[in-house]
Chemist: 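This is the structure I have questions about; it appears just below.
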Amino acid sequence: MDLKSLHAFWLFYLVAREKSFTKAAAIANMSQPPLSMQIQNLEAKLGKQLIDRSFRKLTLTKEGERLFPLVENFLNQTDDFFSEVQASLAGKRGKILIGTFSWSELLGVAYTQIRNPDSNLSLLGRS
């Protein structure tokens, strides 16, 4: 799968979500004819029609209805991936294991966890 195909899936998602080629084109910052062409190219590549163009109101075909949640899930996972990468590069991710012998140290670690909820702290106390 190439980047053009990924872009076409994103455009399909926008069209299906917005139920409008015009609104999807505006979100994608492009004009409607190239967006329509990319959707048609995607349909040709898949060998399935995804959007029913016979009605005034935009509707998805059965294949489009099956594809939409898969694309939506993929895009959500992609967003999560990029969020994790950004957090990691910003130093906000990683696991810290802390051993403590006193309640005051434990409270200090708990305070740090509260102030920075993105941190991944594990506490080991004396039992």
Side-chain angles (χ1 to χ4, degrees):
M1 175 120 353
D2 57 14
L3 289 178
K4 286 182 183 180
S5 295
L6 291 176
H7 188 250
F9 279 112
W10 177 65
L11 293 175
F12 162 75
Y13 168 77
L14 290 178
V15 170
R17 185 187 72 188
E18 299 299 320
K19 304 267 191 252
S20 166
F21 279 95
T22 304
K23 290 178 184 176
I27 292 169
N29 198 28
M30 63 190 302
S31 61
Q32 186 176 341
L35 182 143
S36 296
M37 286 176 46
Q38 287 197 36
I39 299 293
Q40 288 173 346
N41 290 342
L42 177 63
E43 290 174 325
K45 190 175 223 176
L46 296 174
K48 300 287 181 181
Q49 186 177 352
L50 303 173
I51 298 170
D52 189 346
R53 294 167 178 84
S54 63
F55 299 105
R56 178 97 174 120
K57 181 180 176 186
L58 187 141
T59 58
L60 298 178
T61 62
K62 288 180 185 177
E63 291 81 6
E65 289 285 346
R66 284 197 302 259
L67 182 62
F68 179 77
L70 297 173
V71 173
E72 183 176 43
N73 185 45
F74 172 77
L75 293 173
N76 288 336
Q77 288 179 357
T78 302
D79 286 343
D80 292 345
F81 168 76
F82 282 112
S83 294
E84 287 292 322
V85 167
Q86 288 174 336
S88 179
L89 292 175
K92 293 183 179 180
R93 291 282 190 253
K95 187 172 185 173
I96 300 172
L97 182 61
I98 299 173
T100 181
F101 291 100
S102 71
W103 281 105
S104 62
E105 290 173 350
L106 185 61
L107 290 174
V109 171
Y111 176 74
T112 301
Q113 176 72 32
I114 291 168
R115 288 189 39 95
N116 187 4
D118 290 333
S119 64
N120 186 1
L121 299 173
S122 297
L123 304 175
L124 295 177
R126 187 174 60 180
S127 48

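Values reported hereafter were calculated over all heavy atoms of this structure, with side chains retained and with hydrogens, waters and symmetry mates removed.
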Chemist: Side chain of Thr61, backbone of Asp52: donor and acceptor closer than 3.5 Å?
Modeler: no

Chemist: Check whether Gln49 reaches the backbone of Ile51 with its side chain - one donor and one acceptor, N or O, closer than 3.5 Å.
Modeler: yes

Chemist: Tell me whether Ile39 shares a hydrophobic cluster with Leu70, the cluster being built from Ile, Leu, Val, Met, Phe, Trp, Tyr side chains joined at under 4.5 Å.
Modeler: no

Chemist: Can you find a pair of side-chain heavy atoms, one from Gln40 and one from Arg53, that are under 4.5 Å apart?
Modeler: yes

Chemist: Any chance you could lay out the side chain to side chain contact (heavy atoms under 4.5 Å, CB included) test for Lys57 and Lys19, step after step, and finish with the verdict?
Modeler: CA-CA 8 Å; Lys57 181 180 176 186; Lys19 304 267 191 252; 5.6 Å; no

Chemist: Once rounded to the nearest 0.5 Å, what's the spacing between atom CZ of Phe12 and atom CD of Glu43?
Modeler: 8.5 Å

Chemist: Would you find more than 12 non-hydrogen atoms of other residues, nucleotides or ligands less than 6.0 Å from Met37 atom CE?
Modeler: no

Chemist: Any chance you could lay out the side chain to side chain contact (heavy atoms under 4.5 Å, CB included) test for Glu72 and Gln77, step after step, and finish with the verdict?
Modeler: CA-CA 9 Å; Glu72 183 176 43; Gln77 288 179 357; over 6 Å; no

Chemist: Apply side chain to side chain contact (heavy atoms under 4.5 Å, CB included) to Leu75 and Phe9, showing your working.
Modeler: CA-CA 9 Å; Leu75 293 173; Phe9 279 112; over 6 Å; no

Chemist: Can you give me the closest heavy-atom contact between Lys45 and Ser5, atom names plus distance?
Modeler: NZ-OG, 2.7 Å

Chemist: When clusters are formed by joining ILVMFWY residues with side-chain heavy atoms under 4.5 Å apart, either directly or through shared neighbours, do Leu6 and Leu35 land in the same one?
Modeler: yes

Chemist: Indicate yes or no: at least one non-hydrogen side-chain atom of Leu11 is less than 4.5 angstrom from one of Met30.
Modeler: yes

Chemist: Val15 vs Lys23, test: side chain to side chain contact (heavy atoms under 4.5 Å, CB included). Steps then yes/no.
Modeler: CA-CA 8 Å; Val15 170; Lys23 290 178 184 176; over 6 Å; no

Chemist: Find out whether Leu67 and Leu50 are in side-chain contact, i.e. whether some heavy atom of one side chain is under 4.5 Å from a heavy atom of the other.
Modeler: yes

Chemist: Any pair with a residue in residues 13-50 that passes ring-ring contact (aromatic ring centres under 6.0 Å, His included), sequence neighbours left out, goes on the list, sorted by first then second residue, please.
Modeler: Tyr13-Phe68

Chemist: Do the side chains of Thr59 and Glu65 get nearer than 4.5 Å, heavy atoms only?
Modeler: no

